[in-house]
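These notes are about the structure you will find just below.
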There are 2 protein chains.
Amino acid sequence: MKNRLRELREQKGWSQQTLAEKLDVSRQTVISIELGKYDPSLPLAFAIASTFSSRIEDIFTPDVRRRS
Amino acid sequence: MKNRLRELREQKGWSQQTLAEKLDVSRQTVISIELGKYDPSLPLAFAIASTFSSRIEDIFTPDVRRRS
DNA sequence: AACACATGTAAAGCACGCTTGACACGCGAC
DNA sequence: GTCGCGTGTCAAGCGTGCTTTACATGTGTT
């Protein structure tokens, strides 16, 4: 799962801490998602999309699917 | 998190088992998500949206957000 | 009646999402 | 130099997403 979180955050000029507070999660969570260490939960993905006035599909792009 | 999974599955005339196979998850997972027992992971949400040729936002709707 | 099929519940186990706290490094301001 | 700030790493702990197996119930078919 790739994401544009860092790019969008920097566009806004927000620190990781600032974004974490807006999303109501810890700074670690922001770091881990930006670095691709794991994917956000669906509720958090909605919160992120909302924060950047975007759609989830415009911020996150899934990796190759297996089973057609 | 509300979702229209059952509605969409029934529109297609698919059993839970059939959908589970298309999504490459267990039948239990389909049941639990349909019944709202928990939310799907983001990758699974993408797979669901893809299966129904919809956007995540058109299938899942987040509950009330806390922190503005 | 016996069978297949669709749906639901329950429980145990593993991996992941998220938390907190501590520590390290680089950088610009004082 | 040292201070604050932004970023990153590590580790322990907890709840959730997902799995497998098993069992129960209803409905339709033979």
Side-chain angles (χ1 to χ4, degrees):
Chain A
M1 185 76 68
K2 292 189 177 180
N3 75 73
R4 303 199 303 132
L5 190 50
R6 167 149 308 181
E7 172 191 349
L8 292 171
R9 177 176 62 79
E10 292 181 341
Q11 274 180 17
K12 294 277 192 177
W14 293 340
S15 69
Q16 293 173 336
Q17 180 62 45
T18 298
L19 176 57
E21 286 165 6
K22 287 178 184 297
L23 296 174
D24 201 16
V25 295
S26 68
R27 186 172 66 94
Q28 266 310 316
T29 296
V30 170
I31 291 175
S32 297
I33 295 173
E34 281 193 356
L35 298 183
K37 299 209 171 184
Y38 52 66
D39 301 325
S41 65
L42 188 53
L44 181 49
F46 268 104
I48 291 169
S50 168
T51 295
F52 293 106
S53 304
S54 300
R55 290 182 300 130
I56 289 175
E57 285 89 346
D58 292 335
I59 301 178
F60 299 92
T61 61
D63 294 330
V64 285
R65 311 234 300 101
R66 344 235 142 190
R67 306 270 214 123
S68 67
Chain B
M1 185 76 69
K2 290 189 177 180
N3 74 73
R4 302 199 303 132
L5 191 49
R6 167 149 309 180
E7 173 191 348
L8 293 171
R9 175 176 64 79
E10 292 181 341
Q11 273 180 17
K12 293 277 191 177
W14 294 340
S15 70
Q16 293 173 336
Q17 180 62 44
T18 298
L19 176 57
E21 286 164 7
K22 288 179 183 295
L23 296 175
D24 200 18
V25 296
S26 68
R27 186 172 66 94
Q28 265 311 316
T29 296
V30 170
I31 291 174
S32 297
I33 294 172
E34 282 193 354
L35 298 183
K37 300 207 171 187
Y38 54 65
D39 302 324
S41 65
L42 187 53
L44 180 50
F46 268 104
I48 292 170
S50 169
T51 295
F52 293 107
S53 304
S54 300
R55 291 182 298 130
I56 289 176
E57 285 89 345
D58 293 336
I59 301 178
F60 299 93
T61 60
D63 294 331
V64 284
R65 311 233 302 101
R66 343 234 146 188
R67 307 268 216 124
S68 67

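Atoms considered below: every heavy atom in the structure, side chains included; atoms not considered: hydrogens, waters and symmetry mates. Below, read A as the first sequence line, B as the second, and so on, with proteins coming before strands; counting in each chain starts at 1.
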Checklist entry - So do the side chains of B:Asp39 and B:Phe60 get within less than 4.5 Å of each other, counting heavy atoms only? => result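 No, their side chains stay 4.5 Å or more apart.
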Checklist entry - Any side-chain heavy atom of A:Asn3 within less than 4.5 Å of one from A:Ile48? => result no
Next on the checklist: Would B:Thr29 and B:Ser32 count as a side chain to side chain donor-acceptor pair (under 3.5 Å) here? Give the steps.
Outcome noted: CA-CA 5 Å; B:Thr29 296; B:Ser32 297; over 6 Å; no
Checklist entry - Hey, what bend do you get for the helix from C:dA1-D:dT30 to C:dC30-D:dG1 if you fit axes on five pairs at each end, rounded to 10°? => result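 Axis angle across the helix from C:dA1-D:dT30 to C:dC30-D:dG1, nearest 10°: 20°.
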Quick one: which protein N/O atoms are closer than 3.5 Å to N/O atoms of nucleotides 26-30 of chain D? Pair and distance per line, please.
none

Pairs: protein N or O with nucleotides 19-24 of chain C N or O, under 3.5 Å:
| from | atom 1 | to | atom 2 | distance (Å) |
| --- | --- | --- | --- | --- |
| C:dT19 | OP1 | A:Ser26 | N | 3.1 |
| C:dT19 | OP2 | A:Ser26 | N | 2.6 |
| C:dT19 | OP2 | A:Ser26 | OG | 2.6 |
| C:dT19 | OP2 | A:Thr29 | OG1 | 2.2 |

Look at [X] and [N] and indicate whether a side-chain polar atom (N or O) is within less than 4.0 Å of OP1 or OP2.
X: A:Lys37; N: D:dG8; value: no
X: B:Ser41; N: D:dC18; value: yes
X: A:Arg9; N: D:dG6; value: no

Quickly work out the [X] [atom1] to [N] [atom2] distance and round it to whole Å.
X: B:Gln16; N: D:dT25; atom1: CD; atom2: P; result: 18 Å
X: A:Ile31; N: C:dG17; atom1: CD1; atom2: C1'; result: 15 Å
X: B:Gln17; N: C:dA4; atom1: CD; atom2: P; result: 16 Å

Next on the checklist: Using every non-hydrogen atom in the two residues, find where A:Glu57 and B:Glu57 come nearest and quote the distance to one decimal.
Outcome noted: OE1-OE1, 2.6 Å
Next on the checklist: Just verifying a value: how many Å separate A:Ile33 CD1 and A:Ile59 CD1, rounded to the nearest 0.5 Å?
Outcome noted: 11.0 Å
Item to check | B:Leu44/A:Leu42 under side chain to side chain contact (heavy atoms under 4.5 Å, CB included): CA gap, chis, key distance, verdict | outcome: CA-CA 9 Å; B:Leu44 180 50; A:Leu42 188 53; over 6 Å; no
